[in-house]
Amino acid sequence: MGDQLVDFLRGRRQQGTNQETDWVGKKDAWVRSVDRLYRLVEEMLRDSIAAEDVRLRRLDTEVTEDLVGTYSIPVLELTIGKERVEFRPKGITVIGASGRVDISGERDRVTLLRDQPDANSEWTMILQRVPALKTAPLDRKSLTYALERVMLPLP
């Protein structure tokens with residue numbers, strides 16, 4: 001009679017060696033999806049950019065992740081008056097999603113999650129974590145919510 005623990009662990013080890021992950025491919029798809037996210041945000045802000053209410057700038061940053069290594073990816077910076085809001089990629093090794101970008105301002109931070117592992121996936125915004133997780137697709141309404149939440153309130 002075999003030892004169940006030994007059999008279980010052997011099976012897991014063998015399963016792990018049979019499933020190689022293409023981390024370079026995942027990273028490349030991640031960088032492309034972040035670029036598409038920024039283009040979507042720019043499109044949503046097009047009228048405000050044209051009116052010079054919002055200025056945009058992209059800056060390169062380096063992210064280091066286990067299994068993926070260190071890679072370069074852009075940060076999107078919005079300047080609205082004297083306030084700055086950053087869209088900063090956190091990585092692709094995220095539980096329950098295939099990527100995370102944080103929107104940060106002077107007041108708070110909001111998280112965006114990439115829903116699917118493919119490069120054409122949609123983005124979801126976390127509206128609330130507790131007592132129950134609430135999310136919404138990234139659109140003009142949820143972007144407005146995020147900006148209101150991360151920016152300082154008006155006097």
Side-chain angles (χ1 to χ4, degrees), residues 12 15-16 19-155:
R12 295 298 288 209
Q15 181 182 9
Q19 297 177 344
E20 293 296 321
T21 301
D22 177 13
W23 289 108
V24 172
K26 284 185 87 157
K27 176 202 49 115
D28 292 344
W30 166 239
V31 172
R32 286 191 305 273
S33 72
V34 168
D35 181 63
R36 280 193 299 281
L37 167 66
Y38 294 168
R39 283 188 272 139
L40 174 63
V41 170
E42 289 172 16
E43 178 59 29
M44 285 192 259
L45 297 173
R46 180 179 36 153
D47 294 340
S48 297
I49 294 167
E52 298 183 1
D53 294 326
V54 176
R55 288 181 315 207
L56 296 177
R57 182 168 80 139
R58 288 192 192 200
L59 312 158
D60 282 334
T61 190
E62 286 194 344
V63 173
T64 301
E65 297 186 71
D66 292 343
L67 306 173
V68 182
T70 300
Y71 57 94
S72 181
I73 193 162
V75 171
L76 179 65
E77 180 183 275
L78 310 180
T79 304
I80 305 124
K82 293 183 180 186
E83 252 186 288
R84 258 183 349 148
V85 174
E86 278 188 351
F87 287 71
R88 183 170 291 275
K90 298 310 246 181
I92 57 176
T93 52
V94 178
I95 295 173
S98 59
R100 173 181 164 182
V101 172
D102 284 350
I103 305 171
S104 300
E106 296 290 323
R107 180 178 179 198
D108 202 358
R109 178 176 48 225
V110 173
T111 300
L112 292 175
L113 298 176
R114 190 170 136 215
D115 295 327
Q116 302 294 326
D118 65 283
N120 298 316
S121 68
E122 303 257 299
W123 290 86
T124 298
M125 183 176 296
I126 296 178
L127 303 174
Q128 170 183 309
R129 286 185 164 85
V130 290
L133 181 67
K134 288 186 183 178
T135 63
L138 178 63
D139 56 19
R140 291 179 65 84
K141 182 178 177 182
S142 62
L143 180 60
T144 301
Y145 165 83
L147 294 176
E148 288 173 344
R149 186 162 151 197
V150 303
M151 295 177 72
L152 292 173
L154 292 174

Closest non-hydrogen contact found for Met151 with Glu83 is CA-OE2, 3.2 Å
If the condition is salt bridge (Lys or Arg N to Asp or Glu O under 4.0 Å), which residues does Asp102 pass it with, not counting sequence neighbours? Arg100, Arg109
Salt bridge (charged side-chain N to carboxylate O under 4.0 Å, His left out) contacts touching residues 62-72 (sequence neighbours left out): none
Interatomic spacing from CD1 in Ile73 to CG in Leu59 - rounded to 0.5 Å: 13.0 Å
Less than 4.5 Å apart, side chain to side chain, heavy atoms only: is that true for Thr61 and Pro74? no
Can you measure from CG (Leu112) to CZ (Arg88) and round to the nearest 0.5 angstrom? 14.0 Å
Taking salt bridge (Lys or Arg N to Asp or Glu O under 4.0 Å) as the definition, give me every residue that meets it alongside Glu42, ordered by chain and number, with sequence neighbours left out. Arg58
May I ask you to check whether over 12 heavy atoms, not counting those of Arg84, lie within 6.0 Å of atom CZ? no
If only atom types and distance count, is the side chain of Ser48 paired as donor or acceptor with the main-chain N or O of Asp53 below 3.5 Å? no
Given side chains that start at C-beta, do those of Pro89 and Tyr38 come closer than 4.5 Å, heavy atoms only? yes
Would you say Glu52 has more than 12 foreign heavy atoms packed within less than 6.0 Å of its CD? no
Are any of the side-chain heavy atoms of Met44 and Leu138 separated by less than 4.5 Å? yes
State, yes or no, whether a side-chain contact exists between Lys26 and Val68 at a heavy-atom distance under 4.5 Å. no
Quick one: which residue pairs count as a salt bridge (charged side-chain N to carboxylate O under 4.0 Å, His left out) with a foot in residues 129-139, not counting sequence neighbours? none
May I ask you to test the Val150-Arg107 pair for a side-chain heavy-atom distance under 4.5 Å? no
Glu43: salt bridge (Lys or Arg N to Asp or Glu O under 4.0 Å) partners, not counting sequence neighbours: Arg46
Would you call Arg39-Asp35 a salt bridge at under 4.0 Å N-O? yes
Between Tyr145 and Leu127, is there a donor-acceptor pair closer than 3.5 Å when you use the side chain of the first and the backbone of the second? yes
Go through the structure and list residues passing side-chain contact (heavy atoms from CB on, under 4.5 Å) with Leu133, not counting sequence neighbours. Ile126, Thr135
Spacing of CZ belonging to Arg57 relative to CD belonging to Glu86, to within rounding of 0.5 Å: 9.0 Å
Just so I know, are the side chains of Leu56 and Val41 near enough to count as touching, which here means a heavy-atom distance under 4.5 Å? no
Reported CD1-to-CG distance for the pair Ile95 and Leu113, which is rounded to 0.5 angstrom: 11.5 Å
From Arg55 CZ over to Leu45 CG, what is the distance, rounded to the nearest 0.5 angstrom? 14.0 Å
Spatial distance of atom CG (Leu143) from atom CH2 (Trp123) [nearest 0.5 Å]: 13.5 Å
